[in-house]
Structure formats: structure tokens, C-alpha cells
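First comes the structure, then the notes that go with it.
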Amino acid sequence: MKALHFALALPLLAASLSVDAAPRLSGVKQQGDVESYSDALNRHTVKNIRYPSRAQQRGWEGEVVLKIVVDKKGEVQDIQVIEESSYSSLNREALRSVERANPYPQIPSHLGVETFSFTVPIRFSLGS
């Protein structure tokens with residue numbers, strides 16, 4: 001039996017804030033808070049991924065990298081595909097996982113921003 005794996009490519013993990021918010025988040029504690037919130041958003045996304053059955057049957061694997069923007073309530077405002085996999089079914093599932101995950105956890109008020117953008121690299125792997 002093949003094991004299904006969904007992974008975040010952590011070295012590619014990145015979080016960013018709207019340009020006007022960056023100067024307010026210069027402290028070490030605040031940077032840690034940004035990373036912690038970004039990690040929570042990525043974990044929330046991963047919980048909502050489903051490996052497409054057609055892709056499983058055909059042995060398709062790949063990675064899709066998305067940039068997601070949420071508002072202060074955690075509602076998705078924008079999704080951009082930064083990198084597609086070779087398979088449209090994996091690309092569609094990555095987008096659907098964000099739709100299922102919506103709304104995301106709210107932006108912590110102490111970050112003092114209206115929007116938060118983060119990058120989610122989603123790896124579809126069947127394992128062995």
C-alpha cells in the first residue's frame with residue numbers, strides 16, 4: 001500500500017506583509033510572531049489538502065507554490081500560483097485546498113497590519 005504524503009517545502013517557506021507594515025515589524029519578537037503566524041497558516045492549509053484520486057492512480061507527483069493574501073479576519077483576498085506542477089489536477093487541488101481552508105486564522109492584532117501574504121509550497125508525493 002502506498003503512503004500519501006503532503007508536505008510543505010520548508011526551505012521555500014516565506015511570509016511577507018504589506019509594504020507599509022514592514023517597518024513596524026523590525027524587532028526580534030515581532031519577527032518571531034510573524035514566523036509563528038505564517039507557520040499556523042501553512043499548517044491550516046495542509047489540513048485541507050486532498051490527493052486527487054486520478055493523480056494517485058496514475059502515480060503523479062509534483063509541487064505547487066502558491067502566494068496567498070488574507071485580510072485581518074483571515075479571509076482570503078488573493079491567490080497567485082507562483083509555480084505549477086506538471087499536472088493540472090495537482091494544480092487545481094492546491095487551489096481548492098486554499099478555498100477549503102478559508103477562512104484562515106485571524107491576523108494577530110499585535111502585528112498591526114490589515115493584510116498578510118504568505119507563500120505555501122505544497123508537495124504531492126505518493127511515497128513508497
Side-chain angles (χ1 to χ4, degrees):
M1 179 178 199
K2 290 186 176 182
L4 303 180
H5 299 280
F6 303 109
L8 295 174
L10 293 177
L12 297 175
L13 181 63
S16 62
L17 301 169
S18 56
V19 177
D20 63 333
R24 289 183 262 161
L25 297 174
S26 58
V28 174
K29 181 184 182 311
Q30 289 171 323
Q31 183 60 35
D33 291 342
V34 169
E35 290 172 7
S36 177
Y37 180 57
S38 182
D39 289 345
L41 297 174
N42 281 283
R43 285 191 305 273
H44 187 74
T45 304
V46 169
K47 290 180 197 175
N48 289 281
I49 299 170
R50 298 179 188 144
Y51 213 116
S53 58
R54 181 178 179 186
Q56 287 179 33
Q57 294 164 354
R58 296 184 179 194
W60 294 346
E61 299 180 327
E63 182 175 84
V64 181
V65 180
L66 303 175
K67 180 178 179 183
I68 303 164
V69 179
V70 296
D71 66 15
K72 64 183 176 181
K73 293 182 180 179
E75 295 286 338
V76 174
Q77 298 301 304
D78 188 38
I79 307 169
Q80 296 176 3
V81 178
I82 304 298
E83 182 181 322
E84 292 185 328
S85 77
S86 300
Y87 304 102
S88 61
S89 63
L90 298 181
N91 299 330
R92 282 191 306 270
E93 175 51 31
L95 292 169
R96 285 184 190 128
S97 69
V98 174
E99 292 170 4
R100 282 191 296 273
N102 194 31
Y104 279 80
Q106 294 182 10
I107 298 174
S109 60
H110 64 275
L111 293 183
V113 297
E114 295 294 314
T115 62
F116 189 90
S117 65
F118 61 105
T119 302
V120 181
I122 302 171
R123 185 174 297 139
F124 293 90
S125 173
L126 292 169
S128 16

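FYI, the numbering just counts along the sequence from 1.
- Scored by the ring-ring contact (aromatic ring centres under 6.0 Å, His included) test, Tyr37 finds Phe116 as partners (sequence neighbours excluded).
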Worksheet item: Does the side chain to side chain contact (heavy atoms under 4.5 Å, CB included) test come out yes or no for Asn102 and Glu75, once each step is laid out?
Response: CA-CA 6 Å; Asn102 194 31; Glu75 295 286 338; 3.5 Å; yes

Worksheet item: Given Ser88 and Arg92, is the side chain to side chain contact (heavy atoms under 4.5 Å, CB included) satisfied, shown in steps?
Response: CA-CA 6 Å; Ser88 61; Arg92 282 191 306 270; 3.3 Å; yes

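- A pairwise comparison of heavy atoms in Glu93 and Pro52 identifies CB-CG, 3.8 Å as the closest pair.
- Going from atom OG of Ser117 over to atom NZ of Lys67 covers 4.5 Å, rounded to the nearest 0.5 Å.
- Side-chain atoms of His44 come within 3.5 Å of backbone atoms of Ala101 as a donor-acceptor pair (strictly under, hydrogens ignored).
- Rounded to the nearest 0.5 Å, atoms CZ (Arg100) and OG1 (Thr45) are 11.0 Å apart.
- With Asn91 contributing its side chain and Glu84 its backbone, the two residues share no donor-acceptor pair below 3.5 Å.
- The distance from the CG atom of Leu66 to the CD atom of Gln80 is 10.0 Å, given to the nearest 0.5 Å.
- Side chains of Glu63 and Pro121 form a contact here, defined as non-hydrogen atoms less than 4.5 Å apart.
- Taking each heavy atom of Gly62 and Leu90 in turn, the nearest pair found is N-CD1, 3.7 Å.
- Of all heavy-atom pairs between Asn42 and Thr119, the closest is OD1-O, 3.6 Å.
- Rounding to the nearest 0.5 angstrom, the gap separating the CD atom in Gln77 from the CD atom in Glu114 is 11.0 Å.
- Nearest heavy-atom pair across Ser89 and Ala55 is OG-CB, 3.9 Å.
- At a threshold of 4.5 Å between non-hydrogen side-chain atoms, the residues Val98 and Val76 count as touching.
- Nearest heavy atom pair, residue Tyr104 against residue Leu41, reads CE2-O, 3.5 Å.
- Atoms CG and CD, on Asp71 and Gln106 in that order, are 9.0 Å from each other to the nearest 0.5 Å.
- Side-chain contact check for Asp33 versus Glu35: every heavy-atom pair is 4.5 Å or farther apart.
- Under a hydrophobic clustering in which Ile, Leu, Val, Met, Phe, Trp and Tyr are joined whenever their side-chain heavy atoms come within less than 4.5 Å, directly or via other members, Val69 and Val120 fall into different clusters.
- In the hydrophobic clustering of ILVMFWY residues, with side-chain heavy atoms under 4.5 Å counting as a link, Val81 and Phe124 come out together.
- Other residues, nucleotides and ligands place no more than 12 heavy atoms under 6.0 Å from the CZ atom of Arg54.
- The two residues Gly127 and Glu61 have their closest heavy-atom pair at N-OE2, 3.7 Å.
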Worksheet item: What's the verdict on side chain to side chain contact (heavy atoms under 4.5 Å, CB included) for Ile79 and Leu95, showing C-alpha distance, side-chain angles and the deciding distance?
Response: CA-CA 8 Å; Ile79 307 169; Leu95 292 169; 3.5 Å; yes

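- The distance from the CD atom of Glu99 to the CG atom of Asn48 is 11.0 Å, given to the nearest 0.5 Å.
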